[in-house]
Chemist: 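The structure is given below, and queries will be raised subsequently.
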2 protein chains.
Amino acid sequence: MEEVNELGVSAGPGSRKGRSRVTVKDLARDLGMSVSTVSRAFYAEAVVAPATRELVLKRARELGYRPNPMAQSLKTNRTQIAGMVVSDITNPFYPEVMSRLAAGLHEIGMNVMLISAPQAGEIDDAVKLLLSYQPDLVIILAATLSSEAMRECRTAGSPCIFFNRLSSDPDSFGVSCDNAKGGGKAADFLIKRNHKRLAYISAYADASTNMERRDGFLKRVVERGLTRPVVIEAGSFSYEAGYEAAGAFGELEERPDGVFCANDIVALGFIDGVRNRLGLDVPGDISVVGFDDIAMAGWPSHGLTTVGQPVDEMVSATVELAATLAADPREKPIVTRLAPRAIVERTTTRRR
Amino acid sequence: MEEVNELGVSAGPGSRKGRSRVTVKDLARDLGMSVSTVSRAFYAEAVVAPATRELVLKRARELGYRPNPMAQSLKTNRTQIAGMVVSDITNPFYPEVMSRLAAGLHEIGMNVMLISAPQAGEIDDAVKLLLSYQPDLVIILAATLSSEAMRECRTAGSPCIFFNRLSSDPDSFGVSCDNAKGGGKAADFLIKRNHKRLAYISAYADASTNMERRDGFLKRVVERGLTRPVVIEAGSFSYEAGYEAAGAFGELEERPDGVFCANDIVALGFIDGVRNRLGLDVPGDISVVGFDDIAMAGWPSHGLTTVGQPVDEMVSATVELAATLAADPREKPIVTRLAPRAIVERTTTRRR
DNA sequence: CTGAAAGCGCTTACAG
DNA sequence: CTGAAAGCGCTTACAG
């Protein structure tokens, strides 16, 4: 940082903050070039003598110069910011995804602005705050945007990518697992192991993920000639909801022997509920299959058999889409569906 | 959004993006005032006729005008951005904290820029990217910044707040639980229930949280006249580390009857390890106490007795500090310590 | 290939 | 109390 002083960049009156940052002006002066030329050196498309560019880039590195993205965005209307809206943070699936998404976005030079709403209601205000930074795009995890918020994104010119859970809005992008297929896999898995009476534990009823997994599961079961599975409404994607669902499960006159849950966290709650409240054995009395394959599913205390999500592929697809959208936000909305991974068989299922 | 058109704000040449945003200029024209006056209306300290201010604010609301923070920051050197650096996302304690911190920061009008590094090594680059946005401060969760990164924060003028885990750097802020006291509480708890031979499962050895909890625990145990607890090095704050530590625990010639773990997630792993690998009963053979009181600790399948962190207080303190720092970054570094909550007694401990 | 100039959307001394 | 002007750090037509 000595070079900063070499340059003679003084703190200046505006910087009570003590921020002495190298600006394009400093760099230009140091190099004896015009600001325009220096600026151009940073853009591959810009026409500038190769030798000049090299000189600029080299000196920039030495002085630790980086273009100020705030100033850039004022001119370019691009911010290199990806908004990330999250609400259902209690599902461990999302921290895992957030972390990997953020890393991927950093790699393409984007920064992530995080909006996290404990309650769904509070999301709107936060989205407004986010939008004032004009993010190049916003990625929505496990949250449902109000139609007002969606409209605001549109007027702000920030396209929305729904990750995992899709939106009913036809104007937004989506990256998701082929959940219906995943539901079908769960059905095949249980039927192959000779289960006869199946059930589905439904989470948040309106979530696309929930509906697709349910429908895929039911459809396949019926196709295979078994009776249509019972559906128990747990109400949300949470451990508690799964735990409560065990109560309703206990009331069934004919007890199912195979259960597919909307996701892992619901499955874990359901299993605990079934064990504690109904005194049943898993997998002795019933088999339970989850969806996601979060790290916890692999813990010995749980050993959950589950349909794995193709997280790597989903993250890559999202990052790629982000790169495209950052370059040209006018792409037409598209929904990408990735095939689920193979079922991971652990200890919550067995052959009947 | 109709008003935008009323105003006659055209998309303009620069906005291929279709971003038609109301600017201060538009608002001024609409109100027949100067840009200066309009701008002033948004600052409580600025001198402007009350009636004028009201008018401006009202119309701004109607048109959906919000000052562009990018442009603002160019003048003010304040960005209203809080950087958030996270690495240990597998510990569920952090998602809970992130979510609440983000919400609190949004309430004081700050936005959160997230850096998440899967491996500690990759954090430096991401921090550089973050710093180019000149965050008013950066909050560090469960991560250790390289000294180079810390220096960069300093030259960038962004003060660092270490949350939970403290830094050895004397130049940074900190908000943490009184971990030593928490360790002492765990000791008292086990001793009161007549445990005689105690052990501590250590996580990442260099983490301040780990050291303080350990030392507080050991000190209190010795003070109370018991023999100094065995310390087993699990190596990291993870389930896997706890699980592995059970192996080392099994090798001990004299088996402890009470174990205090560096945090909940380590405790859960340790318990599973002890049960699966050693065939021991918890709490039959040994009692286990954790630290944090994450949601999972309360699950029936775990029922972990644990020292609760004062998360609410820690989050409030951090947000308050952020507000102060955003206003004046030259505050002197201070470390806030909050008392741990009472131990939550569940089913992994019993009286001997 | 390079430079001078305009302007992105703001804030804030400086006059009046 | 208000307005005209300068300037924050950039990019990018426009000349040369």
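Here is how names work: the chains are called A, B, and so on, in the same order as the sequence lines, proteins then strands, and each is numbered from 1. Quick caveat, the model's predicted, so the values are computed rather than measured.
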Chemist: Using a cut-off of strictly less than 4.0 Å, decide whether Thr37(B) has a side-chain nitrogen or oxygen near OP1 or OP2 of dT2(D).
Modeler: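 For dT2(D), OP1/OP2 do not have a side-chain N/O of Thr37(B) under 4.0 Å.
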Chemist: At less than 4.0 Å, is any side-chain N or O atom of Tyr65(B) found next to OP1 or OP2 of dC10(C)? Yes or no.
Modeler: yes
Chemist: Given atom NZ of Lys75(B) and atom P of dG9(D), what is their separation to the nearest angstrom?
Modeler: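 The answer, rounded to whole Å, is 9 Å.
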Chemist: Please measure how far the P atom in dA6(C) lies from the corresponding atom in dT2(C), and state the result in whole Å.
Modeler: 22 Å
Chemist: Give one of base, sugar-phosphate or nothing for Thr52(B), where a contact means two heavy atoms less than 4.0 Å apart.
Modeler: sugar-phosphate
Chemist: Could you tell me whether Tyr133(B) and Tyr133(A) have their ring centroids closer than 6.0 angstrom?
Modeler: no
Chemist: Step by step, would you call Arg151(B) with Glu148(B) a salt bridge (charged side-chain N to carboxylate O under 4.0 Å, His left out)?
Modeler: CA-CA 5 Å; Arg151(B) 192 153 31 80; Glu148(B) 199 203 321; 5.4 Å; no
Chemist: Under 3.5 Å for both donor-acceptor distances, Watson-Crick or wobble: does dA13(D) have a partner, and if so which one?
Modeler: none
Chemist: Taking atom CD as the centre, does Glu54(A) end up with more than 12 heavy-atom neighbours from other residues, nucleotides or ligands that are less than 6.0 angstrom away?
Modeler: no
Chemist: Does a side chain donor of either Asn164(A) or Tyr94(A) reach within less than 3.5 Å of an acceptor in the other side chain?
Modeler: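 Indeed, the side chains of Asn164(A) and Tyr94(A) share at least one donor-acceptor pair under 3.5 Å.
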Chemist: Taking only the side-chain nitrogens and oxygens of Ser39(A), find out if one of them lies under 4.0 Å from OP1 or OP2 of dT11(D).
Modeler: yes
Chemist: Rounded to whole angstrom units, what separation is found between the CG atom of Leu74(A) and the P atom of dC10(C)?
Modeler: 8 Å
Chemist: Classify Val47(A) by what it touches in the nucleic acid, base, sugar-phosphate, or nothing, heavy-atom distance under 4.0 Å.
Modeler: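 Result for Val47(A) = base.
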Chemist: Rounded to the nearest Å, what distance is computed from the CZ atom of residue Arg53(B) to the P atom of nucleotide dT2(D)?
Modeler: 10 Å
Chemist: Side chain of Asn68(B) only, heavy atoms from C-beta on: which candidate in dC1(D), dG9(C), dG7(D) is closest?
Modeler: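 Closest nucleotide among those given: dG9(C).
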Chemist: Look at the side-chain N and O atoms of Ser36(B) and state whether any lies under 4.0 Å from the OP1 or OP2 oxygen of dG3(D).
Modeler: no
Chemist: Tell me whether Glu96(A) is salt-bridged to Arg100(A), with the criterion being a basic N under 4.0 Å from an acidic carboxylate O.
Modeler: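 Salt bridge between Glu96(A) and Arg100(A), a charged N being under 4.0 Å from a carboxylate O: no.
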Chemist: Provide, to the nearest angstrom, the distance between the CD atom belonging to Glu54(A) and the C1' atom belonging to dC1(C).
Modeler: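 Going from Glu54(A) (CD) to dC1(C) (C1'), I get 16 Å.
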Chemist: Is there a side-chain polar atom (N or O) of Lys25(A) under 4.0 Å from OP1 or OP2 of dC8(D)?
Modeler: yes
Chemist: Leu27(B) CG to dT2(D) C1': how many Å, rounded?
Modeler: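 Checked: the CG to C1' distance equals 16 Å.
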Chemist: Which one, dT11(C), dG9(D), dT11(D), comes nearest to the side chain of Ala71(A)?
Modeler: dG9(D)
Chemist: When all nucleic acid strands are considered with a 4.0 Å heavy-atom cut-off, which category describes Arg66(B): base, sugar-phosphate, or nothing?
Modeler: sugar-phosphate
Chemist: Calculate the interatomic distance between Arg40(A) atom CZ and dT11(D) atom P; express it in whole Å.
Modeler: 11 Å
Chemist: How long is the line joining CE of Met33(A) and P of dA4(C), in whole Å?
Modeler: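 For the pair Met33(A) CE and dA4(C) P, the rounded distance is 14 Å.
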Chemist: Report the distance from atom CD of Glu45(A) to atom P of dA13(D), rounded to the nearest whole Å.
Modeler: 11 Å
